[in-house]
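Below is one structure, written out as structure tokens, with a few remarks after it.
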There are 2 protein chains.
Amino acid sequence: MAEELSLRERKKIQTRRALWRAATKLFLERGYDQVSVAEVALAAEVSKMTVFNYMSSKEDLVLGPMKEHIGDAARAVRDRSPGESAVAAFRRDFMAALNAHDASVGMSDDPYVLQMRRMIQETPALLVRAHEYVRRAQMLLAEELAASAEGPDAELAPVVAAQLMSVRYVVHEHNHRRLFAGESAEEVLPGAVALAERAFALVEHGLGDFGTLPAGTDTAQAAEAGAE
Amino acid sequence: MAEELSLRERKKIQTRRALWRAATKLFLERGYDQVSVAEVALAAEVSKMTVFNYMSSKEDLVLGPMKEHIGDAARAVRDRSPGESAVAAFRRDFMAALNAHDASVGMSDDPYVLQMRRMIQETPALLVRAHEYVRRAQMLLAEELAASAEGPDAELAPVVAAQLMSVRYVVHEHNHRRLFAGESAEEVLPGAVALAERAFALVEHGLGDFGTLPAGTDTAQAAEAGAE
DNA sequence: CCGAGAACGTGTACCGAGTCAATTCTTCTA
DNA sequence: TAGAAGAATTGACTCGGTACACGTTCTCGG
């Protein structure tokens, strides 16, 4: 059986863990940009080359776990039950994640997770890479939606995917703000749910004439500037 | 005032142009990844450092022009006339660009532009950076929308921005495909307009139950596609 | 049970992108 | 015209990431 992995395999897992531990420790202590991969390698007692053998880039030392979840949204839609719309499936999956305090929707109030999140937000390179992952998740979702709705609607799948993922994004950001402010996940949940409901309603029901300026004002931008 | 620029200023412009010419020439000849910035510098007869003095990164040698248009969508919304909704303003601006065969919506059939576009599509680093610009454009639009719709709606501005920008994206992609296939901009235009109309309709009227799997009920407006 | 070859992880040397302190040159002023 | 101020430019450097070669561990035939 493959119950007992060979010594080689175990060492591999051990190395990966040591690497990740050393990296996160150093990054949190001194900031991502202030730590070189050579230092991470040194701390993990391997060579720099080995780091890149395990991780495809320096960013992956932080964002590796996130990579695993790129296909989640698409999967939730693909695995929906007959009769359920893609939108409903996405919504149900998202709401479940919210209620489960899942970190993938920014609902975890674990201090360690929060600390990592803050570092990501404050490091441009990590932020760009994280957004890249979101974009790929959105692309996968779009493909899944296109497969569901063949015909002329398939062309519009990317639009629907963007709408759905943006709901995720808005609620995610909202949660960050509240959690960083010191609230607990339990406290944040109701507001998050309410916001999600409103966002989904907007998406399902349409924008209508969102953001109509009041007629009769000939200097609209001046009015806006004045509000600042 | 500064009608006649000084020798220094003119030299600066000249250098920038030489840099851009050398870069695009080499990139198109041999591919983006196969040309180092040192080679670009050599061809433009400056030092490598000078390249980074003019361009903030290697990608900017290609995507620099695109950077100037990041705020366009937000501006179109900000400058709308009173009584016009933000959505309508965005739509009007976009349709105008389409009809004007603007390169910013992928409607230019200039061979040189097409060649550059192909290179961007085929080079991961450039693609990532280009998407980063789109994301920033979307963020600016979201901020503008949030300023317009104060109150609880402001929180949903990012969702609306995502919806609008995704329309742009879909039509953009559509145009690419057709133009790469050899069609002229004139030939592509009608289809692009039609697609844009449908996409905007989807955004304004809502998704409904887009992508409902067949389970006997076909009451959905989107299920009429006769798909599956 | 063992030894040769394959496969895999590791270390060294290197490349290209981007940054910093110092130098050169333009321009404005006295 | 001399000289100060400041911008443009540069060579030297750091760091992320890769190609190649070596040593170590698994596998299979005798």
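Remember, it's a predicted structure, so these values are computed and weren't measured experimentally. Just so we're on the same page: letters track the sequence lines, and every chain starts at 1.
In the set D:dG17, D:dT9, C:dG18, D:dG17 carries the atom at the smallest distance from any side-chain atom of A:Lys58.
Rounding to whole angstrom units, CD of residue A:Glu59 and P of D:dC15 are separated by 16 Å. Straight-line distance from the CD atom of A:Gln34 to the P atom of D:dT14: 16 Å, rounded to whole Å. At whole-Å resolution of the value, CG in A:Leu61 and C1' in D:dC15 are 14 Å apart. Between the C1' atom of D:dC15 and the OH atom of A:Tyr32 lies a distance of 11 Å, rounded to the nearest Å. Atom pair A:Phe27:CZ and D:dC15:P shows a separation of 13 Å (rounding to whole Å applied). Rounding to whole angstrom units, CG of residue B:Asp33 and C1' of D:dG16 are separated by 15 Å. In this structure, B:Gln14 atom CD and D:dA8 atom C1' are separated by 14 Å, rounded to whole Å. Protein atom CE of B:Met55 is 16 Å distant from nucleotide atom C1' of D:dT9, rounded to whole Å.
A side-chain N or O of A:Ser57 and one of A:Glu59 form a donor-acceptor pair less than 3.5 Å apart.
For A:Lys58 and A:Tyr32, the positive end sits near the middle of the six-membered ring, less than 6.0 Å away and at most 45° from its axis.
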>> Under the criterion side-chain contact (heavy atoms from CB on, under 4.5 Å), I'd like the reasoning laid out for A:Val159 against B:Gln163: C-alpha separation, chi angles, the key distance, then a yes or no.
In response: CA-CA 6 Å; A:Val159 177; B:Gln163 290 176 303; 5.7 Å; no

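Put simply, the side chain of A:Arg178 never gets that close to the backbone of A:Asn175: no donor and acceptor are under 3.5 Å apart.
Across residues 35-53 of chain B, B:Val35, B:Ser36, B:Val37, B:Lys48, B:Met49, B:Phe52 each have a non-hydrogen atom less than 4.0 Å from an atom of DNA chain C (numbered order).
Taking only side-chain nitrogens and oxygens, B:Tyr54 never comes nearer than 4.0 Å to OP1 or OP2 of D:dA8.
Within the model, atoms CG of A:Asp72 and CG of A:Asp102 stand 8.5 Å from one another, a figure rounded to the nearest 0.5 Å.
A:Phe94 and A:Phe90 have parallel rings, their planes meeting at less than 30° on a 0 to 90° scale where 60° marks the start of perpendicular.
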